[in-house]
Amino acid sequence: MTLHYTAGNNINAQGTYTPAAAGFNLADVSSVDELNALPAGVKGMVYLDQGDGVTQSFIDALKPYIGNSKVYAFYLKDEPDPTGQYNTLVTAANLKAESDYIHANFPGAKTFITMMNMGSSENPTFANTYNPANTHIDLFGIDPYPVRSDMSTVDYTMIDKAVAAAEAAGISVDHIVPVFQTFGGGNWADDSGGHYVMPTAAQEQTMLAHWAAVVPNPAFDYAYAWGSQNGDTALESSSALQSVFLQHNTGTSTTVGGTTGSTTGTTTGSSSGTTTTGTGSTGGTTTSSGGTTTGTSSGTTSGSGTTTGSTSGSSSSGSTTTTSDTGHHHHHHGLDFSQLTSSSTVTASAAVGTTTTTTATATPSVATDTTTDVGPHHLTDLIGHHTDHHSWHL
């Protein structure tokens with residue numbers, strides 16, 4: 001059975017595991033107290049942020065969890081750098097030593113990292129980095145994020161390309177963890193010079209279906225992210241996407257508190273390939289594979305085709321100041337609405353965590369769901385895109 005994980009702000013001030021409301025059952029934890037407080041049926045993945053091998057610090061970090069049956073996995077490092085050019089060098093040998101130690105001392109526990117893409121979103125590569133053979137790590141997160149301002153269409157083939165690159169590097173499908181985009185806005189630039197945009201419910205369903213076709217039965221999947229980090233809008237503030245994930249994670253469809261975009265319409269289809277019916281968030285009817293979506297205004301979107309008319313989505317602008325940092329991840333880069341064409345209309349709030357609505361005609365960026373690449377690739381914006389991923393734990 002596939003578990004469902006989402007990162008950041010998992011435990012609220014009252015000690016409640018909040019992502020459970022959207023059907024998540026693998027928690028992001030960094031202390032024994034958080035782990036022990038998890039409800040029945042929820043496991044924990046312990047974030048270690050360790051890449052120096054079996055040091056005393058590593059051993060001390062693990063000791064409190066010995067014998068705890070709630071541990072599912074240890075998250076060793078978030079996008080370790082195999083070159084030392086963009087962050088501290090993390091060798092495959094050090095990760096292997098850590099993974100071997102965990103397997104010897106925590107029978108049944110998994111080890112996990114997310115992978116640093118050493119190429120670009122359009123031409124990814126993980127060659128000569130990490131794989132199960134040289135690290136003995138069990139699971140590897142692969143994280144293409146296709147909904148972005150600088151693309152005239154949503155290029156879902158980024159998912160296929162990333163999976164193919166992982167397989168070419170020696171990471172077979174049974175070792176791959178899909179990482180889904182569930183954020184937008186904030187102060188980070190993507191690797192094409194634009195910014196990430198919060199997916200609509202229809203776009204999220206298409207991503208889930210696309211992932212299900214290439215990695216059909218992962219050990220767990222990963223929604224990035226639940227919590228906001230850097231002025232972005234994330235899953236915790238989007239009732240529309242929470243409803244999508246409740247359906248995906250449990251097969252149950254309902255409306256989760258809060259509002260993001262339109263909440264009318266009916267969605268048919270699920271990422272697992274079975275057909276179910278639930279409440280959508282973009283109006284009209286969506287078929288997850290090659291179907292048709294009628295937008296909240298007039299127009300039709302095919303899951304793998306082209307949009308005619310207008311579509312509605314949601315995004316948040318924490319700041320229009322773009323931060324480009326070779327040591328940071330590319331998920332959370334600033335949404336710059338100037339990337340949209342002049343025919344688009346944007347209503348946004350500068351307040352962090354505020355969900356607003358973006359309405360765009362079929363010509364602006366992220367209006368349709370076909371493949372187009374716009375603009376140059378900036379490797380320095382791409383590399384290390386998970387470095388700040390777990391700043392919640394700092």
Side-chain angles (χ1 to χ4, degrees), residues 2-8 18-26 143-147 154 156 159 178-184 196-213 215 218 220-228 232-289 291-296 301-304 311-316 331 355 357-358 366 369:
T2 297
L3 296 177
H4 307 290
Y5 174 82
T6 187
T18 55
F24 291 94
N25 56 7
L26 181 57
D143 50 14
Y145 299 111
V147 186
V154 181
Y156 297 107
I159 295 168
V179 185
F180 310 130
Q181 179 181 353
T182 62
F183 70 92
Y196 293 97
V197 177
M198 186 71 162
T200 65
Q203 288 167 339
E204 195 69 58
Q205 288 161 337
T206 300
M207 280 189 278
L208 294 175
H210 211 89
W211 266 111
V215 184
F220 72 92
D221 52 36
Y222 185 165
Y224 186 80
W226 181 263
S228 173
D232 56 285
T233 300
L235 187 53
E236 66 180 347
S237 60
S238 172
S239 63
L241 292 195
Q242 287 181 40
S243 293
V244 169
F245 277 94
L246 183 64
Q247 168 66 29
H248 173 264
N249 295 345
T250 70
T252 301
S253 181
T254 188
T255 300
V256 183
T259 58
T260 299
S262 170
T263 56
T264 61
T266 301
T267 301
T268 303
S270 70
S271 63
S272 61
T274 60
T275 300
T276 56
T277 300
T279 302
S281 62
T282 55
T285 301
T286 302
T287 303
S288 63
S289 145
T292 301
T293 301
T294 302
T296 51
T301 302
S302 168
S304 59
T311 58
S312 294
S314 61
S315 61
S316 171
H331 322 280
T355 302
T357 301
T358 302
V366 199
D369 294 343

Notebook entry, point to check: Where do Thr206 and Tyr156 land on the side-chain contact (heavy atoms from CB on, under 4.5 Å) test, with the steps shown first?
Noted result: CA-CA 8 Å; Thr206 300; Tyr156 297 107; 3.5 Å; yes
Margin query: So which atom in Ala225 and which in Ala7 form the shortest heavy-atom distance, rounded to 0.1 Å?
Written below: CB-O, 3.6 Å
Notebook entry, point to check: Going by the angle between their ring planes, with limits at 30° and 60°, are Phe24 and His4 parallel, tilted or perpendicular?
Noted result: perpendicular
Margin query: Using a 3.5 Å distance criterion without hydrogens, assess whether the side chain of Thr6 forms a donor-acceptor pair with backbone atoms of Ala223.
Written below: yes
Next item on the list: Flag the pair Thr2 / Asp221 as yes when at least one side-chain heavy-atom distance between them is below 4.5 Å, and no otherwise.
Entry: yes
Next item on the list: Taking the side chain as every heavy atom from C-beta outward, state whether Thr18 and Glu236 have any pair of such atoms under 4.5 Å apart.
Entry: no
Item checked: Point-to-point distance, once rounded to the nearest 0.5 Å, from NE2 of His210 to CD1 of Ile159 -> 5.0 Å
Next item on the list: Looking only at non-hydrogen atoms, find the nearest pair between Ala234 and Ser228 and report the distance.
Entry: CB-N, 3.8 Å
Check: So which heavy atom on Val197 is nearest to which on Gln181, and how close?
Finding: O-NE2, 3.0 Å
Check: Where do Tyr145 and Met207 land on the side-chain contact (heavy atoms from CB on, under 4.5 Å) test, with the steps shown first?
Finding: CA-CA 9 Å; Tyr145 299 111; Met207 280 189 278; over 6 Å; no
Checklist line | For the student: nearest non-hydrogen atoms of Ala201 and Val244, plus distance | finding: CB-CG2, 3.7 Å
Check: Hey, are the side chains of Leu235 and Phe245 touching, using non-hydrogen atoms and a 4.5 Å cut-off?
Finding: yes
Checklist line | Heavy-atom pair with the smallest gap, counting every atom of Ser237 and Gln242 | finding: N-NE2, 4.2 Å
Checklist line | Nearest heavy-atom neighbours spanning Val154 and Val147 | finding: CG1-CG2, 4.1 Å
Notebook entry, point to check: Taking the inter-plane angle between the rings of Phe180 and Trp211 on a 0 to 90° scale, is it parallel (under 30°), tilted (30 to 60°) or perpendicular (over 60°)?
Noted result: perpendicular
Next item on the list: Please work out which of the three classes, parallel, tilted or perpendicular, describes the rings of Phe220 and Tyr222, given edges at 30° and 60°.
Entry: tilted
